[in-house]
Amino acid sequence: MASVETPPSPPAALPTGTRLGEFELRGVVGRSERGVVYLAFDHALEREVAIREYLPPALAARLDGLRAGPRTRALAPAYDSGLRAFIARGRRWAHIDSPALLRVHRLWEDNGTAYLAMPACQGTTLAEARRARA
């Protein structure tokens, strides 16, 4: 009988109330193959924001508290490459001014990972809209 490889469980999201500088996390609003999206409150500017954290489930683990990193030493090159790509993509995204894309308020590295802060939007996700049409 062939063995079936179980995919890794996603790394733990940061808990509600966690502070990342001026941002206070209010909860998880989504997950993807690249990481976690949180709803947060920006205490400096007194507004809600969404924060994307680079935390790909296939590569990353929550090491302790806030700190994230590769699941294993063997995954470190892929994790680091993905982290650099996340940061480069965030920098490019911050220079695009289009009504079709959310603006990037801030991009920063901390805790062995990277974060993007952008406007928080309410409404139906694309996935929810597709399911509703099916």
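Fair warning: this is a prediction, and the values are worked out from it, not measured in the lab. Numbers here simply count residues along the sequence, with the first being 1.
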- Query: Restricting to pairs with a member in residues 55-78, which pass ring-ring contact (aromatic ring centres under 6.0 Å, His included), not counting sequence neighbours?
  - Reply: none
- Sequence-distant partners of Y54, side-chain hydrogen bond (donor to acceptor under 3.5 Å, both in side chains), two or more places apart: none
- Note on the structure: Closest heavy-atom pair, A60 versus L55, reported as atoms and distance to 0.1 Å, is CB-CD1, 3.8 Å
- Kindly indicate, with the supporting measurements, whether the criterion side-chain contact (heavy atoms from CB on, under 4.5 Å) is fulfilled by M118 and R106. CA-CA 7 Å; M118 62 196 97; R106 185 163 172 226; over 6 Å; no
- Atom of Y79, atom of G112 and distance for their closest heavy-atom approach: OH-O, 2.8 Å
- Message: So, using side-chain hydrogen bond (donor to acceptor under 3.5 Å, both in side chains) as the criterion, who are the partners of R47 when residues are at least two apart?
- Response: H105
- For the residue pair I51 and L116, establish whether any side-chain heavy-atom pair is separated by less than 4.5 Å. no
- Message: Which residues pass the salt bridge (charged side-chain N to carboxylate O under 4.0 Å, His left out) test with R52, not counting sequence neighbours?
- Response: none
- For A68 and T113 the tightest heavy-atom approach is CB-CB, 4.2 Å
- Task: Could you pull out all residues at least two apart from R34 that satisfy side-chain hydrogen bond (donor to acceptor under 3.5 Å, both in side chains)?
- Result: none
- Message: I'd like to know if the side chain of R71 reaches the main chain of P57, judged simply by a donor and an acceptor atom lying under 3.5 Å from each other, with no hydrogens or angles considered.
- Response: yes
- Query: Of all heavy-atom pairs between W108 and L20, which one has the smallest distance, and what is that distance?
  - Reply: CZ2-CB, 4.1 Å
- Query: Among D64, L63, L66, whose side chain to side chain contact (heavy atoms under 4.5 Å, CB included) with N111 holds?
  - Reply: L66
What pairs of donor and acceptor atoms, side-chain ones from residues 35-44 against any protein atom, are under 3.5 angstrom apart with sequence neighbours left out?
| unit_1 | atom_1 | unit_2 | atom_2 | d |
| --- | --- | --- | --- | --- |
| Y38 | OH | L14 | N | 3.0 |
| Y38 | OH | E53 | OE1 | 2.7 |
| D42 | OD1 | A44 | N | 2.9 |
| D42 | OD1 | L45 | N | 3.1 |
| H43 | NE2 | E24 | OE1 | 2.7 |

- Heavy-atom nearest pair, P11 first then R31, reads O-NH1, 3.3 Å
- Query: Hey, are the side chains of Y115 and L107 touching, using non-hydrogen atoms and a 4.5 Å cut-off?
  - Reply: no
For residues 80-95, which side-chain donor-acceptor pairs fall under 3.5 Å, sequence neighbours excluded?
| unit_1 | atom_1 | unit_2 | atom_2 | d |
| --- | --- | --- | --- | --- |
| R84 | NH1 | E109 | OE1 | 3.3 |
| W93 | NE1 | L102 | O | 2.9 |

